[in-house]
Amino acid sequence: MTHVEDGTVVPRPAGTPPTPAIPTPAVPTPAVVRVAGDLDMHHLEEVRSTLLRAIAEAPPGTEVLIDLMYSSFCDSSGLEALLTARQRALETGRTLRLGAPSHQMLRLMEITDTAWLFEMGPAPRDAPGSDGSAAGPDA
């Protein structure tokens, strides 16, 4: 008889009970919020409320991914909405990640010394867990 340890097949003496499977905790699927258009003072309330709603609806421990692939402009109002969302996520046991922030947004965060506050990465390829919501004027 054999069993597998670390991907290697190891002989097991006859009569030895099988090694119990150790369940791995399920990793929650990220909640994805797509932002389209400008993150500016004209769209502040819509963007902020959408982000805060997504955070509130995500189970604790879930990553909330803000897909910024279709947003090319962010002013201080938009940055404030992202900072507010980040704070709410931290307070409620969720994480917030910015997906594909524009060069202009990264520059704004560099100037304001806020980039280090956010986890950043690429936009989701197929947006797993996407609730289909979008925020912004082009949504």
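Following chains of ILVMFWY side-chain contacts shorter than 4.5 Å, one can reach Leu117 starting from Met120, so the two form part of one hydrophobic cluster.
Once rounded to the nearest 0.5 Å, the distance linking CG of Leu68 with CE of Met105 reads 4.5 Å. Rounding to the nearest 0.5 Å gives a distance of 8.5 Å between NE2 of His42 and OG of Ser77. Atoms CG and CZ, on Leu96 and Arg88 in that order, are 12.0 Å from each other to the nearest 0.5 Å. Between the CD atom in Glu119 and the CZ atom in Arg86 there is a gap of 9.5 Å [rounded to 0.5 Å]. Between the OG1 atom of Thr114 and the CG atom of Leu82 there is a distance of 9.0 Å, given to the nearest 0.5 Å. If you take CG on Leu90 and OG1 on Thr92, they are separated by 8.0 Å, rounding to the nearest 0.5 Å.
Considering all non-hydrogen atoms of both residues, Val32 and Pro124 come closest at CG1-CG, 4.1 Å. Between Leu108 and Cys74, the shortest heavy-atom distance links the atoms CD2-O, 3.3 Å. Listed here is the closest heavy atom pair of Ala58 and Val64: CB-CG2, 4.1 Å. The nearest pair of heavy atoms linking Ala123 to Met69 is CB-CE, 3.8 Å.
Side chain of Arg48 to backbone of Thr84: no donor-acceptor contact under 3.5 angstrom is found. Ser71 places a side-chain N or O within 3.5 Å of a backbone atom of Gly37 that can act as its donor or acceptor partner. Of the possible donor and acceptor atoms, one in the side chain of Asp75 sits under 3.5 Å from a partner among the backbone N and O of Met41. In this structure a side-chain-to-backbone donor-acceptor pair under 3.5 Å is present from Arg94 to Ile55.
Ile111 places a side-chain heavy atom less than 4.5 Å from the side chain of Arg107. The shortest side-chain heavy-atom distance between Arg97 and Pro122 falls under the 4.5 Å cut-off.
For the side-chain contact (heavy atoms from CB on, under 4.5 Å) test with Leu39, the passing option among Leu79, Val47, Leu44, Ile66 is Val47; the others fail.
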task = Before giving the answer on side-chain hydrogen bond (donor to acceptor under 3.5 Å, both in side chains), spell out for Glu46 and Thr50 the whole-Å C-alpha distance, their side-chain angles and the decisive distance to 0.1 Å.
result = CA-CA 6 Å; Glu46 177 186 6; Thr50 299; 5.5 Å; no
inquiry  = Would Gln104 and Ser72 count as a side chain to side chain contact (heavy atoms under 4.5 Å, CB included) here? Give the steps.
reply    = CA-CA 7 Å; Gln104 182 273 327; Ser72 60; over 6 Å; no
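Defined by atom type and a distance below 3.5 Å, a donor-acceptor pair is missing between the side-chain atoms of Ser76 and Glu80.
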